[in-house]
Amino acid sequence: MGISQWVFQRVSNIAIVSFGLWLFWFIISPGEIDAVTIYEVLKSTSNKIFFLIVLVLSGLNSILAGWQITGDYANKFGLNQTMIIVIVSLISLSYIVFGTYLLFF
């Protein structure tokens, strides 16, 4: 179980960093960034798929990280571990749902 979590975190981190590098390139590239430019970027199916993959991986990565951190520290501070995991999961899943909505509708 631990090895698969480690591998998942590394794969999702590669996707998140690649998105960050893409975003950095997009911002520093010559030309004006306006609503039309952003619309053109979001119109591309390949960009939508890339953004969706990064969105889902980052959301699932945050759930895993929340579970790991809660497991390490919840009992030390007298917090309800299950409740924190549920809250983190709901926030992360709503992030995925809302982001998917923004990408496709």
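- Here CG of Asp72 is found 7.5 Å from CD of Gln68. Values are rounded to the nearest 0.5 Å.
- Atom OH of Tyr39 and atom OG of Ser44 lie 12.0 Å apart (nearest 0.5 Å).
- Of the inter-residue distances, the one linking Leu79 atom CG with Ile84 atom CD1 reads 4.5 Å to the nearest 0.5 angstrom.
- Scanning all heavy atoms of the two residues, the minimum distance from Gln81 to Gly71 falls at NE2-CA, 3.4 Å.
- Under a hydrophobic clustering in which Ile, Leu, Val, Met, Phe, Trp and Tyr are joined whenever their side-chain heavy atoms come within less than 4.5 Å, directly or via other members, Ile53 and Leu64 fall into the same cluster.
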Just do the side-chain contact (heavy atoms from CB on, under 4.5 Å) check on Ile33 and Ile38 with the steps written out, would you?
-> CA-CA 7 Å; Ile33 298 176; Ile38 294 172; 4.2 Å; yes
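- Checking Thr37 against Asp34 by side-chain atom types alone, a donor-acceptor pair falls below 3.5 Å.
- With rounding to the nearest 0.5 Å, the separation of CG in Leu21 from CD1 in Ile16 is 12.0 Å.
- One hydrophobic cluster holds both Ile27 and Val54 under the rule that ILVMFWY side chains link at heavy-atom gaps under 4.5 Å.
- Both Val41 and Leu23 belong to a single network of hydrophobic side chains, linked directly or stepwise wherever heavy atoms of I, L, V, M, F, W or Y lie under 4.5 Å apart.
- Under the 4.5 Å side-chain contact rule for hydrophobic residues, Tyr73 and Val88 share a cluster.
- Ring geometry, Trp22 versus Trp25: the interplanar angle falls from 30° to 60°, so the pair is classed tilted.
- Classification of the Phe50-Phe19 ring pair by plane angle, with boundaries at 30° and 60°, yields tilted.
- Under the 4.5 Å side-chain heavy-atom criterion for ILVMFWY residues, no single connected hydrophobic cluster contains both Val17 and Phe8.
- The neighbour count for Phe26 CZ, taken as heavy atoms of other residues, nucleotides or ligands under 6.0 Å away, is above 12.
- Across Ser92 and Gly59, no two heavy atoms sit closer than the pair CB-O, 3.6 Å.
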Show me the donor-acceptor pairs, under 3.5 Å and distance only, between side chains in residues 93-105 and residues at least two apart or in other chains.
residue: Ser94; atom: OG; partner: Leu90; partner atom: O; Å: 3.1
residue: Ser94; atom: OG; partner: Ile91; partner atom: O; Å: 2.8
residue: Thr100; atom: OG1; partner: Ile96; partner atom: O; Å: 2.7

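- For the atom pair CG of Leu57 and CD of Gln9, the computed distance is 12.0 Å after rounding to the nearest 0.5 Å.
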